[in-house]
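To find a chain, count down the sequence lines: A is the first, B the second, and so on, and within it residues start at 1. FYI, side chains are in, hydrogens and waters are out, and symmetry mates aren't considered; it's all heavy atoms of this structure.
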Protein chains: 6
Amino acid sequence: MYAARRVFAGRASQHLAEAICRHLGEPLGQAEILKFRNDNTFVQILENVRECDVFVVQTSCPPVDENLMELLIMIDALRRASASRITAVLPYYPYVRSDKKDQPRVPITARLVADLLTTAGADRVVTIDLHAPQIQGFFSVPLDHLTATHLFCDYLRAKGLDAPVAVATDSGAAKRALGFARGLGAPLAIMEKHRLGNTDTVEVTAFIGDVRGRQAIIFEDEIASGHTIVGAVDVLRQQGAAEIYVCAPHGLFSEGALDRLATAGISEVITTDTVPHRLAALPALVTELSVAPLLGEAIRRINTGESISDLFRGE
Amino acid sequence: MYAARRVFAGRASQHLAEAICRHLGEPLGQAEILKFRNDNTFVQILENVRECDVFVVQTSCPPVDENLMELLIMIDALRRASASRITAVLPYYPYVRSDKKDQPRVPITARLVADLLTTAGADRVVTIDLHAPQIQGFFSVPLDHLTATHLFCDYLRAKGLDAPVAVATDSGAAKRALGFARGLGAPLAIMEKHRLGNTDTVEVTAFIGDVRGRQAIIFEDEIASGHTIVGAVDVLRQQGAAEIYVCAPHGLFSEGALDRLATAGISEVITTDTVPHRLAALPALVTELSVAPLLGEAIRRINTGESISDLFRGE
Amino acid sequence: MYAARRVFAGRASQHLAEAICRHLGEPLGQAEILKFRNDNTFVQILENVRECDVFVVQTSCPPVDENLMELLIMIDALRRASASRITAVLPYYPYVRSDKKDQPRVPITARLVADLLTTAGADRVVTIDLHAPQIQGFFSVPLDHLTATHLFCDYLRAKGLDAPVAVATDSGAAKRALGFARGLGAPLAIMEKHRLGNTDTVEVTAFIGDVRGRQAIIFEDEIASGHTIVGAVDVLRQQGAAEIYVCAPHGLFSEGALDRLATAGISEVITTDTVPHRLAALPALVTELSVAPLLGEAIRRINTGESISDLFRGE
Amino acid sequence: MYAARRVFAGRASQHLAEAICRHLGEPLGQAEILKFRNDNTFVQILENVRECDVFVVQTSCPPVDENLMELLIMIDALRRASASRITAVLPYYPYVRSDKKDQPRVPITARLVADLLTTAGADRVVTIDLHAPQIQGFFSVPLDHLTATHLFCDYLRAKGLDAPVAVATDSGAAKRALGFARGLGAPLAIMEKHRLGNTDTVEVTAFIGDVRGRQAIIFEDEIASGHTIVGAVDVLRQQGAAEIYVCAPHGLFSEGALDRLATAGISEVITTDTVPHRLAALPALVTELSVAPLLGEAIRRINTGESISDLFRGE
Amino acid sequence: MYAARRVFAGRASQHLAEAICRHLGEPLGQAEILKFRNDNTFVQILENVRECDVFVVQTSCPPVDENLMELLIMIDALRRASASRITAVLPYYPYVRSDKKDQPRVPITARLVADLLTTAGADRVVTIDLHAPQIQGFFSVPLDHLTATHLFCDYLRAKGLDAPVAVATDSGAAKRALGFARGLGAPLAIMEKHRLGNTDTVEVTAFIGDVRGRQAIIFEDEIASGHTIVGAVDVLRQQGAAEIYVCAPHGLFSEGALDRLATAGISEVITTDTVPHRLAALPALVTELSVAPLLGEAIRRINTGESISDLFRGE
Amino acid sequence: MYAARRVFAGRASQHLAEAICRHLGEPLGQAEILKFRNDNTFVQILENVRECDVFVVQTSCPPVDENLMELLIMIDALRRASASRITAVLPYYPYVRSDKKDQPRVPITARLVADLLTTAGADRVVTIDLHAPQIQGFFSVPLDHLTATHLFCDYLRAKGLDAPVAVATDSGAAKRALGFARGLGAPLAIMEKHRLGNTDTVEVTAFIGDVRGRQAIIFEDEIASGHTIVGAVDVLRQQGAAEIYVCAPHGLFSEGALDRLATAGISEVITTDTVPHRLAALPALVTELSVAPLLGEAIRRINTGESISDLFRGE
């Protein structure tokens, strides 16, 4: 394509987009985004985008619906302003867990979001570490599904841990954790929590693998309330882990989560900036790796037509 | 059609929908709507809607984007639950003022909203007193554009004012006010505020019509901050109006509006319940007429195939 | 984009397109367009357009439907001939006044036209001075809405009128006339004609602004029968205007209009060539400015990706 | 379906639609259709059509594009008026001969027409005796392709000709003529006109079958200029035909056609009312059979869900 | 809806559809389906389906692509034949495992199939026990996702096993097996097979739950080659299971599978007829339960508008 | 366009695509295509195609449905892999004879195929010698309809036949044969076979043109069973042809065809490689010309934007 490239940001990903643009060595696209007193969002793109290859970065975080609508409105403005191609870059995908009908008469909102994006005018999508890979099939337009796994591997390798072991907190997470373990050159341990009996109260937990005296590294896709993590930490401690780390690309940290993690005896919580954190407010416990170079490189390659899968080769 | 009719409500129009259902003599459809801690909206329709002719009532009011997404999610759930036909009932249309590109690179969000509704699965739309009638053309699906004008006429006629005169606060509103004047059997007065010179500071205001000693009734489509109204009240007083009333179907009353109106010397502000008000909080100055019978009757006729335009004949 | 650019013309805009091509310094694309004896239109594009950035100029004028169908058929031929992008250039938009349902069971033909254009294969649209700016929202594809206002300003400034005043013949036209007044550096006057009473026969007209001893310049979007203009001329004369000019981008001049204007005591009628006139037949009263440079420049910028809004900056 | 049925007509098929309604025993739907002085078509449907199963009858005849646009505009009005289903009834299909690209860069207008109809809102189509049956594949919506062949058979059988022979004027028409021959219980003769040499001037004509002393009945799909017919009549006379009849469902009779036929020595020209004729102006030579009962019966069956193919069984 | 209901079958589900129709007490719809010598499939629907609520049953089994195309062609024929609504009933969904991009540049064929079905004209879909529930989100049209779990529960309960235990052969299958266990009132056991080290050769298997002396019932969604099953049987025997049963709704039994299962020491393999088996050829080991009553009841309820989820309540 | 060009092949056109790539001087794109044991097709594109102008060559031949699905799956994979443009190259078009409803309730599969191709993601189509040119109108995307006629002309001219005559075996084929005759500079002869009487058994055949002592060259679009050809050979021999040749671009040679032709006394059967033949198995009688240079040149021109119709000029 090689059309002129421009990166814009919604308000939920302003900092991340600035970091992406620093990586790309170009200024962030100028846009005015505000809310009128009637709570209506207003957007104006402040520079010419005709025939440009435009990327709009906007993640999902509270206020979720406002951030999504803001993205849709920006895409509408860019399309009407004659952008040549519009790529929606969603570091954390909205409504990612609403991906199936598991009860009667519920929506599949992750599919609805896919349709809203293309209706507004998105020509393609970039996102990171979807909860279920099938969500790729919710789109007919090309979607680049990136992963932050190698960021965690690089960071941990640099720490020089002597005996790391990757941990999946349930078997649904095992496939994701396996990729991480391989990247790290570490073994994998898997926890199982299942109600095996015919009553809802009995739970039998299994633990596969060996964490005794090792640095156990829990690997999840997101940290919301932190309850699951805290439960897993208890198990790992019972299993004799020497130290416990937590890795998860999407650090949502919903109400109380940071306090909960702070008192659980975790050595370090490592996450990324797919969701914005007020860094000043993050406790020393939490390390934030940046996906900006990853997204920047993906944007560069999408624009020039280079392979994205090559980005992840060699892990 | 005569398929079984079911009315559901988003959270912004719960009270209005209950009133509509009272008018129709049927219970409001049961749905669970809530927000998870991650700020994601969840919806479940709690009764069978297969082959039903479903109406979903949800107005636009703050939080505007949440209310819109909630509506879209409900429509997605209803479509997947095999509703036969889904009518989105929007008493106050979202982003109604964003209806054109009057600056470079701005969105036309009212059109985007139209596309989002049909993408989610709305088969038709009902709304009340659009700011610009051209918004009807943003839809390809049938849209029933209702008006609350006759509610105001009926209410005012019942008051037995001896010398009413309808007032448009600018000429853009004149056509709407004319319909009101005719319904009321009253003359019309029109204000004009224009910067006529080649500087931005000089304003010349004209006033057409005669309000001396009469009950001047300002007729607008919406009341937001109230600034326009208060300015018009001053002019009307200068023109010798005996008493001043304000009518507007959409009473948004953004921050400070009610205080502003309360001290302006207005006899009565008459609006409707297209946008929900905490009634307890409404000052005695404000009278709220209900559009519930109007919407209920429209829903009844859409379901049975009777004429909607007949509803407004004879005004 | 920078793909090779080719401009073609329907039969209603043959002369205008030739002028556009002279401006661009390139020959008009060759096409055979004819009607068979069975009244069917036949089109053949006579040169290779593969991978070209094609513009088709065709205005709306009688026979309106033939001209529209001819445009749709040309677009179909160009699409099947593998044009890379097709821009429909509509100097005067078809059915521009049919933009809303203001009576029961009428069409919104301006929206229908938008859908027909994109169905045939138009990728984008260029038009001039739409009656209602909301018509932009009838399109999902990019639309460049140009204005001829500055042509009138430049022409009148060159005349060196000593005391010009812009005139809107009704308040609906006031916004458009205000832009013109500003471009001209002149004050604005506004006429109002309204039936204020509750009978249809009584009319009260207001006049805002001062035209005494000045050159009053009526500014409209189109001149059809000329009846409105002639009525306005009477009012302006009563108000003491020294001289009266009429400006309108779209000079339709339906039956009898030129005679009507000729005897009304107007100094000059200034219009453009958005609609073709047989110039030989135009009375001396009428001056035709050409939109060819405006359209040519817009076409050049659309092709190269330069800003169109910059074209109008500084007015 | 069994929804209430309403039949409307465009201006080109007013008489035919009245005849259809007489057959159905119901009044023609009331609509106002007119052209404004600016040559724009205006339509208003004058009766409630909500939830109705609506049929709009409009044929293709000069002015071809006006009639087509009028149909599209009516469909738009009916859709916006909430008709439950809209069937476009096109007795003679517009641009029926423009069905392929047989030269570089020409349109396929018959396909374009199909797309315009469904874009405007047609849910299904009824038409009669298409020139090429492949045009059915231009539609994704259901299309009922009727034939008037049996009308001609019935009429001719009733005449009691002693030795009829069906004649196809070229082999492309042979399949159609064969169906007619079978319906009539008559043999078939076929003419061939081909340029067999490598120059354009040499023509060799073949004649298959025996018409000597018989009533030769030329069977075509349409009569336009009549040149082909007149040429065929000469051949038939040379072959010794006792009498010559001409049958064609679509009697377009373009300029000079009736005069040409009148002097060719034809016993009778039999056509239908798919295209309107001013009956007073038709010479005695021409017999017009009515497709109204055929279309009426098809409309009745489409509405009730009865088989249409059964209509033609037994021929 | 209550439109007349008609059930048709593709050749891969002829027997199943006959059983469904017996359940519904109506004859199977008549259609001619054959392959020409050029390997092209030909379909003709042999009875009137106008305004009918049509269901087409066709499963996925070898030849997979022929069966899929046959279904698409049947849907095309039914749509053109004016069926009111077409429901594709796919007992086993085609390409169900191709539901994500887990390698660069692979298709998501399960999504492609969804799009092909709706392109051909399917208005809704019914299927049974999808491998991943997210495939529901590949559709915008309503999809009824049925499960055969209760068939297995009913059958096994009737056997009166004294100590049954449900077994998931890997944790991905645990959720499905849990539903089965609950239906059966039995505990659950889960196997885990994971490569935990950083080499591909080392595998550590865990086993959660207790099967000693019990009837272990492996619960899968499909049986293809049987290799997984045979491996699981070995583990269960090591764990001390008294007897081993295998349940899976989709019994594909690819080459060698039946032999493999026959010699594995399994007491009984229980599957359904979602995929056709030559019953004569099935070894005594295999019990085939029929989904015909389940599909018949779903079809009945879809047609009448009764709840489908109620079908599964009480499990 | 000038984007990087890549040519891929389905398994039915592997050899042809290799020949095309030799013509273009570039390697065939690498892709893995295989069938799993469950008969599901798997595709992986093995090289980066981002922003590439991709052509996928896949003809229709048995197994017809597998080859079609393989093409659709490849297109899906290429689209998701971010190919800039995807052109489906179909040397022989699937279901080409299923192009109309000539019986009640049959499909129009050739149209269905067109829709499936664009649904999967084809942006344009190239094909050769369609049976009916109207099939072009089944597509809205650009279609390049190539012909192999000039290949046959060139080959036969090079043979130096002294008195060639082109032969159409029925009048439907006459137009195609005429183009061939002109290319060859030879006269044309036409056979007619028709049932002229009202019984199905009587056939009357006509023969137009003179083949006595000449080399008669039968020109068809495809050879399937060969029955038609063998019948035509008998007629030509009766008419005194000196020698008989057969030309047809699509040599399907269904079961028994080659034996049938071998014993018919034909001098040479000339076809192309649009459909793959096992060359070793072709009898000496059959000459296979290659369409690879034709397709290669078309692909080159589509990619560069040069005229395709120029390719055929001068014939």
Side-chain angles (χ1 to χ4, degrees), chain C residues 31-32 35-49 60-70 72-83 94-98 101 103-109 111-113 115-116 118-121 222 224-225 252 254-257, chain D residues 31-32 35-49 60-70 72-83 94-98 101 103-109 111-113 115-116 118-121 222 224-225 252 254-257:
Chain C
E32 184 180 6
K35 287 211 132 191
F36 289 128
R37 251 186 308 197
N38 62 4
D39 201 46
N40 282 11
T41 296
F42 171 79
V43 167
Q44 183 170 25
I45 307 299
L46 298 175
E47 47 187 276
N48 182 27
V49 293
S60 184
C61 64
V64 164
D65 295 333
E66 271 187 42
N67 287 331
L68 175 54
M69 271 303 292
E70 184 179 300
L72 298 175
I73 291 171
M74 290 183 79
I75 292 171
D76 185 75
L78 288 161
R79 173 176 52 166
R80 294 185 183 279
S82 301
Y95 286 92
V96 73
R97 302 255 168 158
S98 174
K101 271 184 71 172
Q103 303 176 68
R105 301 177 222 101
V106 296
I108 304 183
T109 311
R111 168 65 195 262
L112 175 64
V113 167
D115 290 344
L116 299 185
T118 50
T119 295
E222 69 180 52
S225 70
L252 307 178
S254 63
E255 215 178 336
Chain D
E32 184 180 6
K35 288 210 130 191
F36 290 129
R37 250 186 309 196
N38 62 4
D39 201 44
N40 283 11
T41 297
F42 171 79
V43 166
Q44 183 168 25
I45 307 300
L46 297 175
E47 48 187 276
N48 182 28
V49 293
S60 184
C61 63
V64 164
D65 295 334
E66 272 188 41
N67 287 332
L68 176 54
M69 272 302 292
E70 185 179 299
L72 298 176
I73 292 171
M74 291 183 78
I75 292 171
D76 185 74
L78 287 161
R79 174 176 53 167
R80 294 185 184 279
S82 300
Y95 286 93
V96 74
R97 300 256 168 157
S98 175
K101 272 185 72 173
Q103 304 177 68
R105 300 176 221 101
V106 297
I108 305 183
T109 311
R111 168 63 196 262
L112 175 64
V113 167
D115 290 343
L116 299 184
T118 50
T119 295
E222 66 182 52
S225 70
L252 309 177
S254 63
E255 213 178 336

Is there a side-chain contact between [X] and [Y] in this structure, where contact means two heavy atoms from C-beta onward sitting under 4.5 Å apart?
X      : Y      : answer
D:Q103 : C:E32  : no
D:T109 : C:N40  : no
D:R79  : C:P107 : no

Side chain, backbone, both or neither of [X] within contact of chain D (heavy atoms, under 4.5 Å):
X      : value
C:I75  : neither
C:S254 : side chain
C:F42  : side chain
C:R97  : neither
C:P94  : neither

Where [X] and [Y] come nearest, the two heavy atoms and their spacing:
X      : Y     : result
D:T41  : C:Y95 : N-OH, 3.1 Å
D:L116 : C:M69 : CD1-SD, 3.8 Å
C:D39  : D:P62 : OD2-CA, 3.8 Å
C:R105 : D:A81 : CG-CB, 3.5 Å

Practice task
Could you tell me whether the side chain of C:D65 and the main chain of D:N67 form a donor-acceptor pair under 3.5 Å?
Solution key: no

Handout entry: Side-chain (D:D115) to main-chain (C:A120) donor-acceptor, under 3.5 angstrom
Key = no

Practice task
Any chance you could measure D:N38, atom CG, to C:S60, atom OG, to the nearest 0.5 Å?
Solution key: 8.0 Å

Fill in the blank from the handout: Greatest number of non-hydrogen atom pairs under 4.5 angstrom with chain D, of C:T118, C:L68, C:N48, C:V113, falls to C:N48

Exercise for the section: Mind ranking C:K101, C:Q44, C:R37 by heavy-atom pairs under 4.5 Å with chain D and telling me who comes out on top? Expected result: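 The candidate making the most pairs under 4.5 Å is C:Q44.
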
